[in-house]
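Heads up: the structure comes next, in structure tokens.
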Amino acid sequence: AESAAASSAEAPATSAEAATSAAEASTDAAAPPTGGEVTIAVVSGGQSETFNPAVAAGGGDFTRILNVFEPLVFLDESYAPTPGLATEWSSTPDGKVWTITLRDTTWHDGSPVTSDDLIYSLTQMAKPEHFGSLVGSKVDVANLKKIDEHTVEVPLNAPDAEFISYFNPFNFNTLIV
């Protein structure tokens, strides 16, 4: 009986005291390890699988692609575009010419992501066999203009005030490759 009384006397009297004790105990614990490797298994479509955003069509493809490629923009909670691979964008007042500036970053092999990659990707998206062709068909591909190593002028076939928003992670067929 004495040991039960003694242990109950040591226990926190309120839930606030219990929470404080738990928080203090967690700060005493060693920090979790960082680094290492994570293996993810994805059940997918077998031989029809692809790593190419241009022709991706299945859930497994989307899972792999969205964990490796970064979109030009993300959408915030109000669906407004926020920076991704693109750090800046603007359009002419009529919405017919867009200027897109890319972040200074690299591909997995260490080579730089440049405006040439954006021009290549937009050119590929304009092809009918590309699943991003709806967006690509909006671009006047023949008149794409490299401004510098990270900036491209993108003329459109018709004005489009929402053009940059199409390059979000939910429209994975518009990723830059």
Side-chain angles (χ1 to χ4, degrees), residues 34-35 37-38 40-45 48-177:
T34 60
E37 240 177 68
V38 174
I40 299 172
V42 178
V43 177
S44 193
S48 67
E49 293 179 0
T50 183
F51 207 60
N52 182 353
V55 294
D61 296 338
F62 307 151
T63 301
R64 280 188 301 279
I65 289 166
L66 292 175
N67 278 288
V68 174
F69 292 94
E70 185 172 356
L72 285 180
V73 298
F74 292 96
L75 300 178
D76 68 13
E77 57 280 344
S78 65
Y79 299 101
T82 62
L85 192 55
T87 57
E88 298 176 32
W89 53 88
S90 61
S91 71
T92 53
D94 65 0
K96 193 151 183 205
V97 179
W98 284 79
T99 302
I100 301 172
T101 302
L102 301 174
R103 186 176 72 234
D104 185 15
T105 191
T106 60
W107 294 103
H108 70 284
D109 64 358
S111 61
V113 174
T114 68
S115 53
D116 293 328
D117 297 313
L118 179 55
I119 290 171
Y120 171 81
S121 296
L122 290 170
T123 302
Q124 295 304 305
M125 284 178 219
K127 295 179 178 178
E129 62 272 13
H130 192 296
F131 288 176
S133 64
L134 177 63
V135 173
S137 67
K138 296 175 177 289
V139 177
D140 178 3
V141 175
N143 290 306
L144 286 166
K145 182 179 177 185
K146 178 178 178 177
I147 303 297
D148 60 36
E149 281 304 303
H150 293 103
T151 309
V152 177
E153 186 176 273
V154 183
L156 304 182
N157 295 316
D160 191 336
E162 298 296 320
F163 181 70
I164 195 68
S165 297
Y166 303 140
F167 296 91
N168 71 74
F170 303 109
N171 196 3
F172 49 86
N173 298 119
T174 61
L175 294 167
I176 306 309
V177 295

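Side chains included, hydrogens not; waters and symmetry mates left out as well; all remaining heavy atoms used.
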Locate the shortest heavy-atom distance separating Val55 from Glu129; write the atom from each residue and the value.
CG1-O, 4.0 Å
Compare every heavy atom of Thr174 with every heavy atom of Met125, then report the nearest pair and how far apart it is.
CE-O, 3.3 Å
All heavy atoms of Val73 vs all of Pro169, minimum pair found to be O-CD, 3.4 Å
Nearest non-hydrogen partners of Leu118 and Ile176, listed with the distance
CD1-CD1, 3.4 Å
Pairs of donor and acceptor atoms involving the side chains of residues 79-88, under 3.5 Å and at least two apart or interchain, shall be tabulated with distances.
residue, atom, partner, partner atom, Å
Thr82, OG1, Phe74, O, 3.4
Thr87, OG1, Thr101, O, 3.4

Among residues at least two apart in sequence or on other chains, which ones pass ring-ring contact (aromatic ring centres under 6.0 Å, His included) with Tyr166?
none
Between Asp117 and Trp107, is any side-chain donor less than 3.5 angstrom from a side-chain acceptor?
yes
Assess, by modelled atom type and distance only, whether the side chains of Thr50 and Asn52 contain a donor and an acceptor separated by less than 3.5 Å.
no
Salt-bridge contact Glu49-Arg64 (side-chain N to carboxylate O under 4.0 Å):
yes
CG/Leu72 to CG/Asn168 distance, rounded to the nearest 0.5 angstrom?
10.0 Å
Atom NZ of Lys146: over 12 foreign heavy atoms under 6.0 Å:
yes
Set of side-chain hydrogen bond (donor to acceptor under 3.5 Å, both in side chains) partners for Asp148, sequence neighbours left out:
Thr151
